[in-house]
Amino acid sequence: MTKPKVFVTRQIFQEALDMLSKEADVEVWPDELPPPRDALLRKTAGVDGILSLLTDAVDGELMDAAPNLRAISQIAVGYENIDVAEATRRGLPVGYTPNALTKTTADMAFLLLMAAARRLVETAEAVKAGRWKTWHPLHYLGQDVHGATLGILGMGRIGLEMAKRAQGFDMPVVYHDVVRRPAEDEERLSIRYAPFSDVLRESDFISLHVNLTPDTRHLIGRAELEMMKPTAVLVNAARGPVIDHDALYDALKDGEIGAAALDVTEPEPLPADHPLLTLDNCIVAPHVASASVATRRLMSIMAAENLIAGLRGERMANCVNPEVYEA
Ligand code: GLV
């Protein structure tokens with residue numbers, strides 16, 4: 001029997017590729033950069049399965065160009081690059097990798113929070129550049145993290161883990177989400193539900209943990225930044241477009257808020273001459289919140305397992321559109 005064909009749009013952990021190779025003829029895009037659109041369409045034209053990244057648009061055009069496609073497997077928890085409605089209409093299961101990266105991403109969000117609070121990047125750069133001359137009582141002062149109020153926007157899996165980390169630093173946590181957590185979560189983690197604008201006004205640190213949807217695009221714009229404290233630190237390890245970057249630049253430059261620490265931006269990467277990169281009070285990391293060895297290995301394996309299940313016609317363990325199995 002001929003093996004099904006799969007296209008993997010970037011190198012992932014070899015262990016996961018070996019698992020896939022037992023089931024399918026696997027082609028891996030070898031370059032560091034994503035396949036250009038024409039290459040992506042060409043490479044997927046005859047495949048039964050695709051293992052995709054956030055940077056690959058898996059849309060109706062691609063699905064049309066790949067008539068044999070039976071399964072899509074994304075190595076990420078977010079999947080806004082995939083037209084899930086279109087996949088569902090065609091009965092194509094879409095896999096993703098939730099849970100694997102929850103704690104690792106929360107670790108990074110907390111790291112960004114602390115780094116911005118204590119100006120770690122700016123001060124370490126000063127040392128490297130030979131600008132640090134002596135210990136001085138008034139130099140390089142930042143903000144205390146312990147005891148400060150943390151506002152969390154989006155209290156899903158990662159938001160909850162962020163709240164757990166805040167507990168260790170005696171931080172009161174106030175949160176907003178479209179769906180309020182059950183009372184037992186609120187009690188266990190000492191998190192207080194509040195209207196969106198109250199979270200913006202009350203928090204010393206604001207961490208974003210929402211999905212990117214049409215409703216959350218530019219959730220943080222000029223009006224929201226104006227509501228924040230002049231010392232507020234804004235952390236984004238969710239998705240870049242959740243923040244209006246022009247408004248953020250102005251707010252950081254004019255001292256409307258204290259600092260920002262971003263793992264994600266719009267676009268990615270930011271061009272090297274982007275104004276945000278000129279600011280000492282803005283940290284920008286290269287979308288690495290899930291980038292620990294253990295987590296990226298687990299994500300690779302989960303994505304391979306989802307794809308294998310899809311190819312076998314079995315239920316994917318982590319499926320974005322399980323309704324395809326009801327049809
Ligand atoms: C990364 O950003 C992911 O969605 O997993």
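Order of appearance sets the numbers: ligands from 1, and atoms from 1 within every ligand.
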Short N/O distance, under 3.5 Å, between [X] and ligand 1?
{"X": "G78", "result": "yes"}
{"X": "R239", "result": "yes"}
{"X": "V77", "result": "yes"}

Part of V264 within contact of ligand 1 (heavy atoms, under 4.0 Å):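 No part of V264 comes within reach of ligand 1.
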
With distance as the sole criterion, is a donor-acceptor pair present between the side chains of [X] and [Y] under 3.5 Å?
{"X": "Q74", "Y": "N81", "answer": "yes"}
{"X": "E122", "Y": "Y140", "answer": "no"}
{"X": "T123", "Y": "R118", "answer": "no"}
{"X": "H287", "Y": "E268", "answer": "yes"}

Checking the side chain of N236 only, and the main-chain atoms of A261 only, is there a donor and an acceptor separated by less than 3.5 Å?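 No, N236 side chain to A261 backbone: no donor-acceptor pair under 3.5 Å.
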
Which of the numbered atoms in ligand 1 are below 4.0 angstrom from a heavy atom of [X]?
{"X": "A76", "answer": "3 (C), 4 (O), 5 (O)"}
{"X": "L54", "answer": "1 (C), 2 (O)"}
{"X": "H287", "answer": "1 (C), 2 (O)"}
{"X": "L101", "answer": "5 (O)"}

Taking the side chain as every heavy atom from C-beta outward, state whether K43 and E27 have any atom pair closer than 4.5 Å.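 The answer is yes, as the side chains (C-beta and beyond) meet within the 4.5 Å cut-off.
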
Touching ligand 1 at all, T97? Heavy atoms, strictly under 4.0 Å?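 Contact absent.
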
side-chain contact (heavy atoms from CB on, under 4.5 Å) for L153 and F196? Distances and angles first, verdict last. CA-CA 8 Å; L153 295 173; F196 178 60; 3.6 Å; yes

